[in-house]
Novice: 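Have a look at this one before I ask anything.
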Amino acid sequence: MDEATYQLVREKLIEVDDFVQATGTLMRTKAGEISVHVRELALLSKALSPLPVIKQQVQDDGTIREFGEFSDTESRYRQRYADLAVNHDVRDVFIQRAQIIRTIRQFMDSEGLLEVETPILQPVYGGAAARPFITHHNQLDEDLFLRISFELYLKRLLVGGYDGVYEIGRDFRNEGVSFKHNTEFTMLEFYKAYIDYNGVMDITERMLAAVAMAVHGRTQAPYQGSVIDYTPPWPRRTVREAIREEAEIDYMDYPDATSLEAAIFDWLPAEERREFQRGQPWGKLIEHLLGAAVEKKLIQPTFITDYPRDISPFAKRVAGDDVHVERFEFYIAGMEMGNAFTELNDPRDQAARFEEMARLFRADDDDAAPTDDDYLRAMRYGMPPNGGFGMGIDRLIMLMTGQRSIRDVLLYPHLKQTGR
RNA sequence: GGCCCCGUAGCUCAACGGCAGAGCAGUUGACUCUUAAUCAAUUGGUUAGAGGUUCAAAUCCUCUCGGGGUCACCA
């Protein structure tokens, strides 16, 4: 480079983290390093603060040795730009995230499902048991809820004549955060006419196998020391079987909440009894027992099927069985990944379910499903039989990219505001 | 929200009742150089914040703020 340009560099007017444009001849230095013999140099952008320093050296054996690091979790999340600028493996996670979502979208399209968008701001929330965020429209002077699921809006579209629809988008739930919960998270839901929950299980298996194939080139993927095998078919166990095997309780022996509660209380380890919440409905008790006794053991992909009716207001009954519905959840690496059922499409049964929920839960209970009259009206026009499905995309991305926390697959995870 | 752990320089960490330190970054000077770091010198702190105990507090106690974990909650 010429004398004037060299002086700029020497005087450190141009330094690490600046953006520059160089014109010149590609060359190799005496030490063998590829370099540029610079004729012209232009400063494109000046860095005023240095980034946290990380330098990498490729060793003779090909391993990369790192010097210095930027690892403070809070700083990394609050200043994701610096995290990305400095930690290449973090950048890679979000490239894989885009690839996974693209794969899911292609898979859904190839299944003949139509991608749609439905309201995020809803006058009546529903489709899940969660506390919503409430906001307000000033000019219309009405309260609105941020959606907790897409379910009821999507199923209305089947009434409209589409044979299958799906949506990938954000849900908002006003509840605690954890390594697998963020207040806003990305969900996939689909509804397909003329299949039941067995058909949905088939689609689920094939979809996740396709995602694993796209990310890893095979249907197995490592996660936290295990190798998760997504190859279909996955084991299918009923809730009743799973609980009978893991907790040695057959809840059908306890047909009412009082007796079942006593049985669970006896089963619980002494130190957990103090925390045990009394007075829950029958189905809720079963669900808790499933969570306590079974969930963490389900490392390989597993369908758990046939849930209690009283906590599943939108699922169709199992034929000839008044207490169970055609519903499944699937578990991977000890995490609940998704929830699906043969959708209830009988408007009279649906109205009865809303009434049952109102009896079972107080209106402000998270589990209460507020009656959605417009949804009932849609169903009265005739809704085709269909199978529906919901899955937390962020959790799937955790599995596929080997991340332990949902915060590591979200560019901007929710953090508490710092003062001022 | 309960309980447990953590918060020291821009970054990564040490000091764990007795003078707040190191490496890197930064700054200054030298070098048409180097392959994480050329050499030399040097700046940098309300130890997250407030209060308390003590002759003396980064260190012990209380509260607040923030983070992590766990439980509750989360079909």
Side-chain angles (χ1 to χ4, degrees), chain A residues 1-3 5-7 9-12 15-17 28-35 37-38 47-59 64-79 82-83 86-87 126-132 148-149 151 171-183 185 239 271-272 274-277 280-281 283-288 290-292 295 304 307-315 325 327-329 335-336 338-341 357 360-361 365-369 390 392 404-405 407 413-420:
Chain A
M1 58 183 77
D2 63 39
E3 186 63 23
T5 308
Y6 177 65
Q7 285 304 323
V9 177
R10 262 188 61 180
E11 287 167 22
K12 299 220 174 163
E15 55 194 340
V16 174
D17 297 330
R28 204 175 271 277
T29 65
K30 276 173 283 189
E33 191 69 16
I34 292 171
S35 185
H37 188 86
V38 176
L48 296 181
S49 313
L51 285 164
V53 181
I54 293 191
K55 289 166 183 169
Q56 294 185 328
Q57 180 183 34
V58 181
Q59 306 290 90
I64 294 174
R65 194 169 159 216
E66 292 208 337
F67 302 85
E69 57 181 330
F70 179 52
S71 59
D72 179 68
T73 46
E74 184 178 354
S75 303
R76 284 185 43 232
Y77 298 148
R78 289 198 193 279
Q79 300 186 46
D83 187 29
V86 138
N87 291 319
R131 202 174 317 167
I148 58 174
S149 85
E151 173 154 0
D171 274 339
F172 306 83
R173 296 188 183 177
N174 205 340
E175 51 202 27
V177 299
S178 79
F179 76 96
K180 55 180 176 177
H181 297 90
N182 195 63
T183 48
F185 61 100
V239 173
E271 64 271 18
E272 287 174 31
R274 204 164 37 87
E275 308 260 4
F276 185 65
Q277 196 189 330
Q280 302 182 81
K284 201 83 179 146
L285 287 167
I286 292 168
E287 190 172 53
H288 277 127
L290 187 72
E295 179 171 335
I304 299 293
Y307 278 67
R309 190 205 67 238
D310 58 351
I311 53 166
S312 313
F314 302 107
V325 291
R327 168 180 170 187
F328 72 83
E329 294 193 348
M335 272 194 298
E336 182 196 330
N339 184 22
F341 21 92
M357 297 308 281
L360 215 50
F361 299 98
D365 192 299
D366 294 349
D367 284 274
R404 190 183 290 274
S405 168
R407 297 178 205 101
H414 186 79
L415 296 184
K416 211 163 168 176
Q417 296 177 19
T418 52
R420 298 166 23 78

Novice: Which nucleotide, in any strand shown, forms a Watson-Crick or G-U wobble pair with B/rG51, with both distances under 3.5 Å?
Specialist: B/rC61

Novice: Provide the Watson-Crick or G-U wobble partner of B/rG45, both distances under 3.5 Å; none if there is no partner.
Specialist: none

Novice: Please give the nucleotide sitting opposite B/rA56 as a Watson-Crick or G-U wobble pair, both distances under 3.5 Å, or none.
Specialist: none

Novice: Between the side chain of A/Asp83 and the main-chain N/O of A/Tyr77, is any donor-acceptor distance below 3.5 Å?
Specialist: no

Novice: On RNA chain B, check which nucleotide each of A/His414 and A/Phe179 is closest to and give me the residue with the more 5' one.
Specialist: A/His414

Novice: Under 3.5 Å for both donor-acceptor distances, Watson-Crick or wobble: does B/rA20 have a partner, and if so which one?
Specialist: none

Novice: Does B/rC73 have its OP1 or OP2 closer than 4.0 Å to a side-chain nitrogen or oxygen of A/His288?
Specialist: yes

Novice: Looking for any heavy atom pair under 4.0 Å, which part of the strands does A/Ser71 touch: base, sugar-phosphate only, or nothing?
Specialist: sugar-phosphate

Novice: Taking atom C1' in both B/rU62 and B/rU54, what distance in whole Å separates the two?
Specialist: 16 Å

Novice: With a cut-off of less than 4.0 Å, is there a side-chain N or O of A/Arg407 near OP1 or OP2 of B/rG69?
Specialist: yes

Novice: Quick check against the 3.5 Å criterion: does A/Asp310 have a side-chain atom that pairs as donor or acceptor with the backbone of A/Pro281?
Specialist: no

Novice: Donor-acceptor check, side chain of A/Ser149 to backbone of A/Asp171, threshold 3.5 angstrom: yes or no?
Specialist: no

Novice: Judged by each residue's nearest nucleotide on RNA chain B, which is more toward the 5′ side, A/Thr73 or A/Asn339?
Specialist: A/Thr73

Novice: Is there a Watson-Crick or G-U wobble partner for B/rC3 with both distances under 3.5 Å, and if so, which one is it?
Specialist: B/rG69

Novice: Does B/rC39 pair with anything, Watson-Crick or G-U wobble, both distances under 3.5 Å, and if so, with which nucleotide?
Specialist: B/rG29

Novice: Let's see if you can work this out: which of B/rG66, B/rC11, B/rG69 has an atom nearest to the side-chain heavy atoms of A/Arg78?
Specialist: B/rG66

Novice: Can you figure out which of B/rC11, B/rG66, B/rG68 approaches the side chain of A/Tyr77 most closely?
Specialist: B/rG68

Novice: Would you say the side-chain atoms of A/Asn339 pair up with the backbone N or O of A/Glu329, donor to acceptor, closer than 3.5 Å?
Specialist: no

Novice: Does A/Arg407 reach the main-chain N or O of A/Pro413 with its side chain, forming a donor-acceptor pair under 3.5 Å?
Specialist: no

